[in-house]
Every structure is written in structure tokens, then in C-alpha cells.
Amino acid sequence: MTGFGDRILGLGLLVLAVAYGWAAQQWPEPFGGAEGVGPETFPTILAFVLVIGSLYLMVKPDPDAQWPVRKTALELVTSVVVLIVYALLMEPLGFIISTTMAVGTLSWRMGARPRMAFITGLISAVVVFVLFNYGLDLSLPAGLLEVE
């Protein structure tokens, strides 16, 4: 049964995409009516991309797919843990700090030197924060960097 693992992963990702897309639609309509780009837009786009990717995995799996060996499996588990911690720390620490830590850690685990990985994380976090907060007028949590 070649590609069986990819099909199982695709099915799991499809369930995740549908749940994520549904949750994104549960945000209440903001005061003053619906916006062109509201808080559910970005998660909905992510859910759509995840649905397409998971369907592709199920329809056209890799025939030579091998389950990861120990080191690769450990890196994958580490990545999932980093993303879960990122989601939990987003509100208390704020977008810039939590994104710097998450992107820096993931970049470092992918082979970048630690200093450059965290510089990349910081630059990415600041650019996205400025773009979302001031360019798109979608507020991201400032957390510890909140200026009152």
C-alpha cells in the first residue's frame, strides 16, 4: 500500500482545516457592521490552502513516502510544540516577542545560525506587525510592548 501514510496525513489535515475554517467563522460581527477584511479573513484563507493541500495528499500521495526516522520525527514534534507554545504566548507576550521566538527557533532548527535565526525572526515580526496594524488596520496584540 504505497502512499497510505500520505493519505492518513491528508485526512488528518483535512479535518484540521475544516475545524479551523469553522472556528474562524465564529467571530462575532464587529460593531458598526461587517468589514471587507475582518478577523476571520486570514484564518479562512489559511483553512482553504490547508484543504487544497490535504486533498492533494489524499489524491496524489508520494509512492515512496517513508515515515520519518528518529531525528526527523523529533524535529517535527519540536516544530509542533513551538507552534503550540507560540499560540499560547501570543496574547500575554504580544505578537512581536512571540513571533520572534517562534520564527527564530524554527529557523534555527532548520539549520540557520542561532543569531541570524533570531534576527530574522525579529525583522519578520516587526514587518508583519507594522503591516497588519498600520497598513491593513488589523490589530495584533502588543502584549508586553503595549504603550499606554
In this structure, would L131 and V126 fall into the same cluster of hydrophobic residues linked by side-chain contacts under 4.5 Å? yes
If we only count heavy atoms from C-beta on, is the L76 to V80 side-chain gap below 4.5 Å? no
Members besides I52 in its Ile/Leu/Val/Met/Phe/Trp/Tyr cluster (side-chain heavy atoms under 4.5 Å): F48
Donor-acceptor contact present, side-chain T99 to main-chain I96, <3.5 Å: no
Would a hydrophobic clustering, with Ile, Leu, Val, Met, Phe, Trp and Tyr connected at side-chain separations under 4.5 Å, put L93 with V82? no
Flag the pair V103 / F118 as yes when at least one side-chain heavy-atom distance between them is below 4.5 Å, and no otherwise. no
Under the side-chain hydrogen bond (donor to acceptor under 3.5 Å, both in side chains) definition, can you give me all pairs with a residue in residues 111-130, not counting sequence neighbours? none
Kindly indicate whether the side chain of F95, heavy atoms from C-beta on, has any atom under 4.5 Å from the side chain of V128. yes
Using the rule that two of Ile, Leu, Val, Met, Phe, Trp, Tyr join whenever any of their side-chain heavy atoms come within less than 4.5 Å, decide whether V59 and L57 are in one cluster. no
Restricting to pairs with a member in residues 99-110, which pass salt bridge (charged side-chain N to carboxylate O under 4.0 Å, His left out), not counting sequence neighbours? E75-R109
Contact check, side chains of L106 and S79, non-hydrogen atoms, under 4.5 Å: yes
Can you tell if the side chain of V85 reaches within under 4.5 Å of the side chain of M101, non-hydrogen atoms only? no
Once you round to the nearest 0.5 Å, how far does CG of L83 lie from CG of L88? 11.0 Å
